[in-house]
Every structure is written in C-alpha cells, then in structure tokens.
Chemist: 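I'd like to ask some things about the structure below.
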Amino acid sequence: MKAELVARVEQACEELAAAGQTVSFSAVARHVGIGRATLYRRPDLRALVDERRLRGRDARTLTGLAAELAQLRGSVEAIADRVRRHDELLRRITANDQAHRGRSGRGLAG
C-alpha cells in the first residue's frame, strides 16, 4: 500500500507538471484523492511534492538552494528520528531477551 501511494503521488506530480499546472500539496492531494495532511505527515510523500515543486522553480538560485537544503534537512531529521526509535526498540528487545535468558538459565530457543 505504501509503495502504491508513493507511485500515485509521483504520477500526480508528473501529470500536474506536464499539464502546466502548479504542483502544490492541495493539487496533488486532490489528484490522488487523499488528504493534504497525509502528504505533510509522511516525510517520503512530502519530499516528493517538495522536490517536484523545487524542480518547477529555478532551484539553482540562492533562495532555491536554501529551500532545497531546508527540505533535505527536514527529511534527514525525520529519518534520524525513525532510526533513533528503532534503535531504542532494539535495545529494549535485547534487554528483555537477556533478562529472560537470565531467569530461565537458557536461551529463547531452549
């Protein structure tokens, strides 16, 4: 489902741009049939729309580059937050596994 939604958002961006329409969060959401909040909430979808919007402007100006850097920084921060959450989850799982092994005197498979 997630990959399908990404493909639909990419296609919507391409179709809007090809039709000479402004690629905006509202236009993409309408075109795909989802809420705008979904585009803003999911970093992968937001990055697709932001990237397409930047491509529509002259992204090689200082303002364009600053906007692109801000968007990339936001994407990297979202990824870093997800990695931190996964790392914490793995630490808890490992601690629980070690505690279980200590109580039972053997591993989970035993």
Chemist: Determine whether R53 and V49 satisfy the following criterion, side chain to side chain contact (heavy atoms under 4.5 Å, CB included), listing intermediate values before the conclusion.
Modeler: CA-CA 6 Å; R53 291 173 68 203; V49 177; 3.7 Å; yes

Chemist: Which donor-acceptor pairs under 3.5 Å do side chains of residues 13-21 form with protein atoms, sequence neighbours excluded?
Modeler:
unit_1, atom_1, unit_2, atom_2, d
E14, OE1, R52, NH2, 2.8
E14, OE2, R52, NH2, 3.3
E15, OE1, H31, NE2, 2.5
E15, OE2, Q11, NE2, 2.7

Chemist: From L45 CG over to D50 CG, what is the distance, rounded to the nearest 0.5 angstrom?
Modeler: 11.0 Å

Chemist: Pick from R84, R92, R85: which one makes a salt bridge (Lys or Arg N to Asp or Glu O under 4.0 Å) with E88?
Modeler: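 Of the listed options, the one satisfying the test is R92.
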
Chemist: Strictly by ring pair (Phe, Tyr, Trp, His ring centres under 6.0 Å), give each pair with a member in residues 7-29 just once, sequence neighbours left out.
Modeler: F25-Y40

Chemist: So which residues get pulled into L90's cluster when ILVMFWY side chains under 4.5 Å apart are joined, directly or through others?
Modeler: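 Via sub-4.5 Å side-chain contacts, L90 links to none.
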
Chemist: Quick test of your reading of the model: are R101 and D97 salt-bridged, counting only N-O distances below 4.0 Å?
Modeler: yes

Chemist: Restricting to side-chain hydrogen bond (donor to acceptor under 3.5 Å, both in side chains), what partner residues turn up for R82, sequence neighbours left out?
Modeler: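 So R82 forms no side-chain hydrogen bond (donor to acceptor under 3.5 Å, both in side chains) with any residue.
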
Chemist: Check which hydrophobic residues are tied to I79 through side-chain heavy-atom contacts below 4.5 Å, counting indirect links as well, and list them.
Modeler: V83

Chemist: Test of understanding: with salt bridge (charged side-chain N to carboxylate O under 4.0 Å, His left out), list the residues that count as partners of R91, not counting sequence neighbours.
Modeler: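 Scan of R91 (salt bridge (charged side-chain N to carboxylate O under 4.0 Å, His left out), adjacent residues dropped) gives D87.
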
Chemist: Within a strict 4.5 Å, meaning less than it, do heavy atoms of the V32 and L5 side chains meet?
Modeler: yes

Chemist: Are L72 and L48 connected in the hydrophobic side-chain network, where two residues link if heavy atoms are under 4.5 Å apart?
Modeler: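 No, no single cluster joins them.
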
Chemist: Side chains of Q71 and S75: any donor to acceptor distance under 3.5 Å?
Modeler: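 A donor-acceptor contact under 3.5 Å links the two side chains.
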
Chemist: So, taking the atom named CZ in R41 and the one named CZ in R46, what distance separates them when rounded to the nearest 0.5 Å?
Modeler: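 These two atoms lie 12.0 Å from each other.
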
